[in-house]
*Asks:* 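I'd like to ask you about the structure that follows.
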2 protein chains.
Amino acid sequence: MHLSTNSMTIGTLAKTCDVSAPTIRYYEKIALLPLANRNASDQRRYTASDVERLTFIRRCRDFGFSIEQSRDLVALSNSTTRGCSHSRDLAAERVTEIRAKVSELKALEKSLKSLVQKCETTCIDGTGNDCASFRDMRMPA
Amino acid sequence: MHLSTNSMTIGTLAKTCDVSAPTIRYYEKIALLPLANRNASDQRRYTASDVERLTFIRRCRDFGFSIEQSRDLVALSNSTTRGCSHSRDLAAERVTEIRAKVSELKALEKSLKSLVQKCETTCIDGTGNDCASFRDMRMPA
DNA sequence: TGTACGGGTTAAAGTAACTTTAAGGGCAAG
DNA sequence: CTTGCCCTTAAAGTTACTTTAACCCGTACA
């Protein structure tokens with residue numbers, strides 16, 4: 001596999017940035033990535049700047065930003081005239097959301113653990129109908 | 001609103017169990033709920049046992065079980081012959097998944113916070129291109 | 001009596017963010 | 001020369017619903 005940084009195949013770009021080739025085509029279709037250059041056989045060829053852009057997008061997605069938010073962030077990160085304070089604010093918002101999600105999940109973990117606990121202490125050999133956990137889960141608010 | 005527990009409308013069931021009416025119809029379509037009884041005007045009518053079943057499903061979903069897992073759990077919870085150990089195991093698995101998700105999110109929170117931090121200390125008034133955070137995010141692995 | 005309102009009904013399309021499938025072309029190695 | 005891997009496209013599938021369009025029904029009010 002020849003990986004001259006100046007004309008990577010989609011497969012190479014995919015491996016380099018750790019996304020799938022269909023996802024790259026999908027990103028192109030929704031214009032998150034620009035239309036790729038093509039070689040004589042009409043195959044997409046990519047360069048180092050594509051690696052950078054896709055890596056940036058991948059990071060955004062890893063950070064939990066939506067496609068549309070990632071699109072904004074790409075635009076902001078390429079802007080020479082606008083500051084990055086908007087991006088900073090977006091990131092700060094994400095931090096808040098993530099904190100909320102973490103507490104939510106912790107509460108959920110606790111509930112589930114007590115469900116398991118109850119199941120273990122009250123109905124190890126019982127039937128579903130007798131299971132205390134199930135009984136409680138069928139009770140409306 | 002007459003809410004004789006013996007013939008609730010879909011709207012009443014929805015409110016009681018805190019799910020939307022379209023969702024109830026959807027659950028019926030995918031056979032997570034049985035075909036509802038109809039009144040003379042062909043409208044769905046529900047009873048207390050429907051409230052129990054839907055509440056149970058709602059709980060499963062709140063616990064983060066997929067529709068298919070919830071379907072299993074409903075079947076298990078209604079079984080008179082099979083124990084609930086399988087459900088207990090499913091719940092225990094969820095706990096593990098949730099723990100992993102929590103650590104993941106915490107790590108993410110940390111990264112994002114340092115991103116915000118960097119942005120604040122190095123480029124409050126800079127352009128996107130100069131922003132240290134952006135620069136780093138474009139660097140492949 | 002008429003009509004406006006707040007329910008209910010259906011099927012179908014939209015959503016996010018891809019993944020999977022089908023059906024095919026190109027090219028290098030064995 | 002054929003096997004195998006990579007590439008191409010468009011379209012359908014996925015999850016768990018939500019939204020929309022177009023309609024029916026019973027009742028409360030003027």
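Letters go in sequence order (proteins before strands), and every chain restarts at 1.
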*Asks:* Return the value, rounded to whole Å, for the distance between atom CD1 of B:Ile57 and atom C1' of D:dA16.
*Replies:*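 In whole Å, D:dA16 C1' and B:Ile57 CD1 are 13 Å from each other.
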
*Asks:* Starting from P on C:dG7, measure out to CE on B:Met8 and report it in whole angstrom.
*Replies:*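 In whole Å, C:dG7 P lies 15 Å from B:Met8 CE.
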
*Asks:* Return whichever of A:Phe65 or B:Thr9 has its heavy-atom-nearest nucleotide of DNA chain C closer to the 5' end.
*Replies:*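 The residue mapped nearer the 5' terminus is B:Thr9.
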
*Asks:* Using the side-chain heavy atoms of A:Ile67, tell me which of these nucleotides is nearest: D:dC7, D:dC25, C:dC18.
*Replies:*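 Per side-chain heavy atoms of A:Ile67, the pick is C:dC18.
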
*Asks:* Does C:dA17 have its OP1 or OP2 closer than 4.0 Å to a side-chain nitrogen or oxygen of A:Tyr27?
*Replies:*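 No, A:Tyr27 has no side-chain N/O under 4.0 Å of OP1/OP2 on C:dA17.
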
*Asks:* Between A:Thr23 and C:dA17, is there a contact of a side-chain N or O with OP1 or OP2 at under 4.0 Å?
*Replies:*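 Checking A:Thr23 against C:dA17: no side-chain N or O falls below 4.0 Å of OP1 or OP2.
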
*Asks:* In plain terms, say whether A:Glu68 and A:Arg71 are close enough for a salt bridge, that is, a side-chain N and a carboxylate O under 4.0 Å apart.
*Replies:*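 Counted as a salt bridge, because a side-chain N and a carboxylate O are separated by less than 4.0 Å.
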
*Asks:* With a cut-off of less than 4.0 Å, is there a side-chain N or O of B:Arg25 near OP1 or OP2 of C:dT9?
*Replies:*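 Yes, within the criterion.
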
*Asks:* Mind calculating the distance between CG (A:Leu13) and P (D:dC7) to the nearest angstrom?
*Replies:*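 Nearest whole value for this atom pair: 10 Å.
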
*Asks:* Can you check whether B:Ser20 has a side-chain N or O nearer than 4.0 Å to OP1 or OP2 of D:dT18?
*Replies:*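 B:Ser20 to D:dT18 OP1/OP2: side-chain N or O found under 4.0 Å.
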
*Asks:* Taking the basic N atoms (NZ, or NE/NH1/NH2) and the acidic carboxylate oxygens, is any pair closer than 4.0 Å for A:Glu28 and A:Arg25?
*Replies:*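 No salt bridge links A:Glu28 with A:Arg25.
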
*Asks:* Taking CZ from A:Arg58 and P from C:dA17, how many angstroms apart are they, rounded to a whole number?
*Replies:*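 Atom-to-atom, A:Arg58 to C:dA17, this comes out as 13 Å.
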
*Asks:* Less than 4.0 angstrom between a side-chain N/O of A:Arg45 and OP1 or OP2 of D:dC7, yes or no?
*Replies:*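 Answer is no, no contact under 4.0 Å.
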
*Asks:* On DNA chain D, nearest-nucleotide positions of B:Arg61 versus B:Gln43: which is more 5'?
*Replies:*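 Per heavy-atom nearest nucleotide, the more 5' residue is B:Arg61.
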
*Asks:* A:Glu28 has an atom CD; how far is it from atom P of C:dC18, in whole Å?
*Replies:*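 Checked: the CD to P distance equals 15 Å.
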
*Asks:* Just how far, in rounded Å, is P of D:dC5 from NZ of A:Lys15?
*Replies:*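 Result: 12 Å.
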
*Asks:* Taking only side-chain N and O atoms of B:Ser41, does any of them lie within less than 4.0 angstrom of OP1 or OP2 on D:dC24?
*Replies:*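 No, no such contact exists.
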
*Asks:* So B:Ile30, base contact, sugar-phosphate only, or nothing? Heavy-atom distance under 4.0 Å.
*Replies:*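 Contact class for B:Ile30: none.
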
*Asks:* Whole-Å distance between D:dT14 P and A:Tyr26 OH?
*Replies:*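 Going from OH in A:Tyr26 over to P in D:dT14 covers 17 Å.
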
*Asks:* So does A:Glu109 pair up with A:Lys106, basic N to acidic O under 4.0 Å?
*Replies:*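 Answer for the salt bridge query: no.
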
*Asks:* Taking B:Arg138 for the side chain and A:Ser49 for the main chain, is one N or O donor matched with an acceptor at less than 3.5 Å?
*Replies:*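 Pair absent, no side-chain N/O of B:Arg138 close to backbone of A:Ser49.
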
*Asks:* Has B:Asn37 got more than 12 heavy atoms of other residues, nucleotides or ligands less than 6.0 Å from its CG?
*Replies:*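 Incorrect, the count does not exceed 12.
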
*Asks:* Would you say C:dT10 has OP1 or OP2 under 4.0 Å from some side-chain N or O of B:Arg44?
*Replies:*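 The answer is yes; a side-chain N or O of B:Arg44 sits under 4.0 Å from OP1 or OP2.
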
*Asks:* So which nucleotide from C:dT20, D:dT9, C:dA17 ends up closest to the side chain of A:Arg38?
*Replies:*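 Of the options given, the side chain of A:Arg38 lies nearest D:dT9.
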
*Asks:* How close or far is atom P of C:dG24 from atom CG of A:Asp42, stated in whole angstroms?
*Replies:*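 My rounded result for the distance is 18 Å.
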
